[in-house]
A.B. asks: 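So that we are looking at the same thing, I have put the structure below in structure tokens.
For ligands, and for the atoms within them, numbers begin at 1 and follow the listed sequence. Both backbone and side-chain heavy atoms feed into the values below; hydrogens, waters and symmetry mates do not. Keep in mind the model is a prediction, meaning the values are calculated, not measured. One-based numbering along the sequence shown.
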Amino acid sequence: MNVLVLGNGGREHALAWKLKQSPRAGRVFVAPGNAGTAIDAENVPLAATDFPALIKFARDQDVGLVVIGPEVPLCQGAADAFRKAGLLVFGPSQEAAQLEGSKSFCKKILRLGNVDTARHWWFTSAEQAIEDLRLLHADKPNEVPLVVKADGLAAGKGVIVCDDLAEVERAITAIAIDRELGDAGDSFLLEEKLVGVEASVLAITDGKAILPLPPAQDHKAAYDNDLGPNTGGMGAYCPSVDIDPSMLDRIVAEVLVPTVHTLKRQNAPFSGVLYAGLMLCAKGPKVIEFNVRFGDPECQPVLMRLQSDLLEILLATAEGRLGQLDPPTWDPRPAVCVVMASEGYPGPYKTGHVISGLEAAAQLPDVKVFHAGTQRDAEGRVVTNGGRVLGVTALGDNIAQAKQRAYEAVRCIRWTGAWCRKDIADKAIAVPAADLPVPLNAITL
Ligand code: AMP
Ligand code: GLY
């Protein structure tokens with residue numbers, strides 16, 4: 001079966017690489033892809049949002065499954081467009097993708113499903129929000145909501161976590177008066193700042209069964225010790241050590257199951273990856289946000305550990321028979337992914353630097369270098385083409401060994417201005433492998 005993957009990041013390289021390993025896979029195409037997907041699969045020079053051209057390509061090439069990687073095409077209705085054209089798709093409908101694309105839709109589903117989340121207040125006027133805040137501050141200064149969120153999709157920039165009232169007012173001004181995020185800031189919410197351990201749980205669901213994936217831990221801050229600006233993710237390890245089996249059970253029962261049920265009741269049945277961003281608070285897990293796709297870079301260490309056939313799993317989901325599948329098998333060894341980034345990221349950066357050492361890194365055992373922002377230049381050299389450039393991923397007998405192998409591979413690779421965090425997975429190194437959480441089987445709803 002031929003497969004078409006949409007997107008061009010590290011997540012899509014990992015998906016295409018794993019899909020290609022399936023005994024059932026024919027040609028695996030990635031649109032538009034990067035220099036890495038061109039090696040492990042075949043690139044198609046079409047934008048991930050050019051639906052008419054992608055549909056024509058899929059029909060011409062006899063594509064049996066379309067896998068949609070990023071949130072932008074999903075929120076623009078990619079899955080609906082392909083389904084209407086008679087193609088099989090892994091990914092949620094536009095309606096269901098609003099769970100990520102619209103914070104108001106997300107909060108509505110959480111409320112209807114009785115799923116715990118931060119207390120919040122909606123505004124469309126900056127003046128009104130600031131007036132209400134000042135009144136509340138005069139009355140109950142400790143209860144001022146400190147998180148400001150734009151309603152719409154804002155490429156990871158729509159959330160501002162503040163420390164005091166002045167900062168909140170500046171954030172409101174940036175979103176609702178200076179319109180720094182454009183239409184995404186037409187409405188915004190002020191939210192209670194949650195305290196606890198942040199964790200994410202990803203599950204594959206066809207709306208009838210839920211298959212939780214082994215939890216992975218992202219590293220969102222740019223610099224070591226979680227300092228510096230927020231990024232798309234500077235590294236990840238799997239399994240996460242913050243979620244033990246009983247907490248995973250609780251998250252499935254209290255968050256994933258009611259969310260999938262509620263979406264179905266709202267005529268927006270969900271099929272694809274449901275990614276719950278959570279704060280593990282004293283009283284239990286609270287939802288910070290949902291994403292409707294694999295996390296990037298979380299996808300890379302998770303798929304390094306998957307031993308089962310990914311194409312089988314994604315096909316079964318697209319066909320609504322996930323509950324009938326045998327539980328997938330996972331490599332018991334943990335995996336660590338270190339993101340190598342361009343100088344300046346997450347701010348402005350230059351592209352076009354020649355990357356060396358990729359072959360040497362690829363020789364190392366249990367290492368896979370996933371490409372993100374890369375392309376080939378006119379001379380055929382692999383050059384940088386984005387902020388997050390590579391996701392260097394390794395398996396090890398324990399997290400310490402996986403980390404050491406990933407950084408050994410990182411040291412082989414060079415380009416002008418390349419950098420990475422040096423502390424990916426450090427928080428998990430002390431945990432013995434025997435205590436690492438075991439993933440669950442599919443739960444039928
Ligand atoms: P998001 O873009 O929704 O993933 O939010 C970015 C980051 O902001 C999250 O990963 C959290 O670290 C933080 N955040 C979002 N909402 C809250 C909240 N209500 N309380 C504390 N931190 C939050
Ligand atoms: N790594 C966070 C995300 O994919 O949203």
Side-chain angles (χ1 to χ4, degrees), residues 7 9-12 14-15 69-72 74-75 97 99-107 110 116-121 143-163 167-168 171 175 181 184-185 188-202 213 215-222 226-238 240 242 272-282 285-303 337-339 341 346 370 372 387-388 391 393 421 424:
R11 164 183 51 212
E12 287 77 23
L15 285 166
E71 63 277 19
V72 169
L74 287 167
C75 290
L99 203 57
E100 174 164 1
S102 157
K103 300 248 184 300
S104 45
F105 182 84
C106 174
K107 291 289 192 188
L110 292 171
D116 214 353
T117 185
R119 293 201 303 149
H120 55 280
W121 296 265
E143 290 183 24
V144 169
L146 289 171
V147 182
V148 186
K149 297 188 175 184
D151 189 11
L153 265 192
K157 299 199 176 97
V159 175
I160 306 171
V161 181
C162 307
D163 286 321
E167 247 186 272
V168 178
I175 289 177
L181 306 173
F188 59 97
L189 57 81
L190 302 183
E191 187 169 276
E192 162 197 18
K193 186 167 170 176
L194 299 172
V195 182
V197 174
E198 205 175 330
S200 31
V201 171
L202 284 80
L213 302 176
Q217 183 66 49
D218 192 7
H219 294 63
K220 287 199 185 204
D226 294 329
L227 297 174
N230 204 31
T231 70
M234 294 302 298
Y237 58 91
C238 174
S240 155
D242 289 325
V273 175
L274 185 57
Y275 170 138
L278 303 158
M279 193 70 87
L280 308 180
C281 304
K286 289 188 193 227
V287 172
I288 296 175
E289 58 156 1
F290 279 117
N291 296 321
V292 297
R293 39 140 188 110
F294 284 104
D296 188 344
E298 295 95 312
C299 185
Q300 290 85 311
V302 171
L303 292 187
C337 169
V338 177
V339 169
F370 293 112
R388 293 191 294 170
T393 311
R421 272 180 67 158
I424 301 302

A.B. asks: How close do L202 and G295 get, counting heavy atoms only, and between which atoms?
C.D. replies: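 Shortest heavy-atom contact: CD2-N, 3.5 Å.
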A.B. asks: Need the ligand 1 atom indices (1-based, order shown) with element for anything under 4.0 Å from a heavy-atom of V147.
C.D. replies: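 Going through ligand 1 atom by atom, the ones under 4.0 Å from V147 are 16 (N), 18 (C), 19 (N), 20 (N).
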A.B. asks: State whether the side chain of E298 and the backbone N or O of A216 hold a donor-acceptor pair below 3.5 Å, judged by distance alone.
C.D. replies: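 Checking the backbone N and O of A216 against the side chain of E298, no donor-acceptor pair under 3.5 Å is found.
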A.B. asks: Under 4.0 Å between a side-chain nitrogen and a carboxylate oxygen: does that hold for D151 and K107?
C.D. replies: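 No, D151 and K107 are not salt-bridged.
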A.B. asks: Would K149 count as a contact of ligand 1 if the rule is a heavy atom under 4.0 Å away?
C.D. replies: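 Yes, K149 has heavy atoms under 4.0 Å from ligand 1.
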A.B. asks: How close do G228 and A221 get, counting heavy atoms only, and between which atoms?
C.D. replies: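 That would be O-CB, 4.2 Å.
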A.B. asks: Looking at K220, which atoms of ligand 1 are within less than 4.0 Å of one of its heavy atoms?
C.D. replies: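 Contacts of ligand 1 toward K220, numbered from 1: 4 (O), 10 (O).
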A.B. asks: For residues K193 and D163, report the shortest heavy-atom separation together with the two atoms involved.
C.D. replies: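 Shortest heavy-atom contact: NZ-OD1, 3.0 Å.
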A.B. asks: Can you name the closest pair of heavy atoms from R11 and D296 and give their distance?
C.D. replies: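 Minimum heavy-atom separation between R11 and D296: N-OD2, 3.2 Å.
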A.B. asks: Quick one: nearest non-hydrogen protein atom to atom 1 (N) of ligand 2, plus distance?
C.D. replies: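 Of the protein heavy atoms, D218 OD2, 2.7 Å lies nearest.
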A.B. asks: Using distance alone, determine whether K220 and ligand 2 share an N or O pair under 3.5 Å.
C.D. replies: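 Between K220 and ligand 2, no N or O pair is found under 3.5 Å apart.
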A.B. asks: In terms of atom number and element, which parts of ligand 2 are under 4.0 angstrom from non-hydrogen atoms of G232?
C.D. replies: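 Those qualifying, in numeric order: 1 (N), 2 (C).
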A.B. asks: Select one of side chain, backbone, both or neither to describe which atoms of R293 lie under 4.0 Å from any atom of ligand 2, heavy atoms only.
C.D. replies: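 The answer is the side chain of R293.
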A.B. asks: E100 and R293: salt bridge (Lys or Arg N to Asp or Glu O under 4.0 Å), yes or no, with the steps?
C.D. replies: CA-CA 9 Å; E100 174 164 1; R293 39 140 188 110; 3.1 Å; yes
A.B. asks: Is E192 close to ligand 1, meaning an N/O of one under 3.5 Å from an N/O of the other?
C.D. replies: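 Such a contact does occur with ligand 1.
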A.B. asks: Report the member of E289, K103, E198 with the shortest heavy-atom distance to atom 10 (O) of ligand 1.
C.D. replies: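 It is E198 that holds the nearest heavy atom.
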A.B. asks: Counting N and O atoms only, with roles assigned by atom type, does the side chain of H219 sit under 3.5 Å from a partner on the main chain of I424, one being a donor and the other an acceptor?
C.D. replies: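 The answer is no, because no donor-acceptor pair under 3.5 Å joins these two groups.
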A.B. asks: Does an N or O from R11, backbone or side chain, lie closer than 3.5 Å to an N or O of ligand 2?
C.D. replies: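 The answer is no, given that R11 and ligand 2 share no N or O pair closer than 3.5 Å.
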A.B. asks: For L194, which part has a heavy atom under 4.0 Å from ligand 1: side chain, backbone, both, or neither?
C.D. replies: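 Under 4.0 Å from ligand 1, L194 contributes backbone and side-chain atoms.
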A.B. asks: At a 4.0 Å threshold, what atoms of ligand 2 neighbour a non-hydrogen atom of G295?
C.D. replies: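 Checking each atom against G295, I get 4 (O).
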A.B. asks: Using a 4.0 Å cutoff against the non-hydrogen atoms of N291, which atoms of ligand 2 qualify?
C.D. replies: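 Listed by number with element: 5 (O).
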A.B. asks: Run the salt bridge (Lys or Arg N to Asp or Glu O under 4.0 Å) test on K103 and E191 for me, step by step, so that the C-alpha distance in whole Å, both residues' side-chain angles and the decisive distance to 0.1 Å come before the verdict.
C.D. replies: CA-CA 11 Å; K103 300 248 184 300; E191 187 169 276; over 6 Å; no
